[in-house]
*Asks:* 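The following block contains the structure, expressed as structure tokens.
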Amino acid sequence: QITLKESGPTLVKPTQTLTLTCTFSGFSLSTSGVGVGWIRQPPGKALEWLALIYWDDDKRYSPSLKSRLTITKDTSKNQVVLTMTNMDPVDTATYYCAHRRSSRVGVDWFDPWGQGTLVTVSS
Amino acid sequence: NFMLTQPRSVSESPGKTVTISCTGSSRTFASNYVQWYQQRPGSAPTTVIYEDNQRPSGVPDRFSGSIDSSSNSASLTISGLKTEDEADYYCQSYDSSNLNWVFGGGTKLTVL
């Protein structure tokens, strides 16, 4: 059974850097094809994909946020870390990490997801 | 950039059938398959359809997905509606040209 859980601060100040950790079980990030992604959801709004890291350390970032994001992995700890710099109140959202699935080329989705963690950006 | 557009909300009565659309911009779904997620209030999304029309184990066959290439759209159809189906539904596709994942704006389904 695959599970993921996000952890990190619930409150950050504007201009600060946010660091979130995704701790997972039931799979290994050293296995070919495996990936872990981050997705966020502002209160009452839609899902937005942020970043993804693959088993081979290849990384993908949302074009609109690429300059602010860094995703890394610690395979030995079964963890993926997302950092987002220069936080702003508009970044207030629930942040989810999720396991990447792919049934074939061109079919790529997230399942399952962690429970999410609400991050509020306020002074 | 590739975008997915969904209606903001739909509503239907219990026992009826509802269809939620997801329209792609600027490119077809021919090589970019569509997934659908259900998100109940206060919960994380879960997959109800992947690869256009495949149901994960445990998802009832009341849920089905389809693609209409002529209109560049995908659809999620839920038949025999139950009150427990009331949720937000998101379509998602992988943009293989830009190597990123795209979500639709979400559709709120009300079953009343």
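Convention: sequence-line order gives letters A, B, ...; per-chain numbering from 1.
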*Asks:* Of the non-hydrogen atoms in B:Gly105 and A:Ala46, which two are nearest, and what is the gap between them?
*Replies:* O-CB, 3.5 Å
*Asks:* Is there a chain of hydrophobic side chains (I, L, V, M, F, W, Y, each step under 4.5 Å between heavy atoms) that links A:Ile2 to A:Leu29?
*Replies:*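 Yes, A:Ile2 connects to A:Leu29 through the hydrophobic network.
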*Asks:* Are B:Tyr33 and A:Trp109, when compared by the centres of their aromatic rings, separated by less than 6.0 Å?
*Replies:*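 Judged by ring-centre distance (under 6.0 Å), B:Tyr33 and A:Trp109 do not meet the cut-off.
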*Asks:* Could you look at B:Gln35 and say if it's the side chain, the backbone, both or neither that has a heavy atom under 4.5 Å from chain A?
*Replies:* side chain
*Asks:* Given that the side chain runs from C-beta out, which part of A:Leu50 has a heavy atom under 4.5 Å from chain B: side chain, backbone, both or neither?
*Replies:*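 It is neither, since no heavy atom gets under 4.5 Å.
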*Asks:* If you group Ile, Leu, Val, Met, Phe, Trp and Tyr by side-chain heavy-atom gaps below 4.5 Å, do A:Tyr54 and B:Leu99 land in one group?
*Replies:* yes
*Asks:* With the side chain counted from C-beta on, respond yes when A:Ile39 and B:Phe103 share a heavy-atom pair under 4.5 Å apart, and no when they do not.
*Replies:* yes
*Asks:* Can you confirm whether B:Asn100 sits close enough to A:Trp49 that some side-chain heavy atom of one is under 4.5 Å from a side-chain heavy atom of the other?
*Replies:*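 Yes; the side chains approach each other to less than 4.5 Å.
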*Asks:* Given that the side chain runs from C-beta out, which part of B:Gln39 has a heavy atom under 4.5 Å from chain A: side chain, backbone, both or neither?
*Replies:*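 The side chain, not the backbone.
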*Asks:* Counting C-beta onward and ignoring hydrogens, is there a side-chain heavy-atom pair between B:Tyr90 and A:Gln41 closer than 4.5 Å?
*Replies:*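 Contact flag for B:Tyr90/A:Gln41 side chains = yes.
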*Asks:* Heavy atoms, side chains only, cut-off 4.5 Å: are A:Leu52 and B:Trp101 in contact?
*Replies:* yes
*Asks:* Count the heavy-atom pairs under 4.5 Å between each of A:Arg104, A:Gln115, A:Arg101 and chain B, then report the option with the highest count.
*Replies:* A:Arg104
*Asks:* Ignoring hydrogens, what is the shortest heavy-atom contact between A:Gly114 and B:Ala44? Give both atom names and the distance.
*Replies:* O-CB, 3.2 Å
*Asks:* Looking at A:Asp108 and B:Gln92, what are the two nearest heavy atoms and their distance?
*Replies:*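 Smallest heavy-atom distance, with atoms named: O-NE2, 2.9 Å.
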*Asks:* Test of understanding: clusters of I, L, V, M, F, W, Y form through side-chain heavy atoms closer than 4.5 Å, transitively. Do A:Trp38 and A:Val81 belong to the same one?
*Replies:* no
*Asks:* Could you check if a side-chain atom of A:Leu47 sits within less than 4.5 angstrom of a side-chain atom of B:Pro45, using non-hydrogen atoms only?
*Replies:* yes
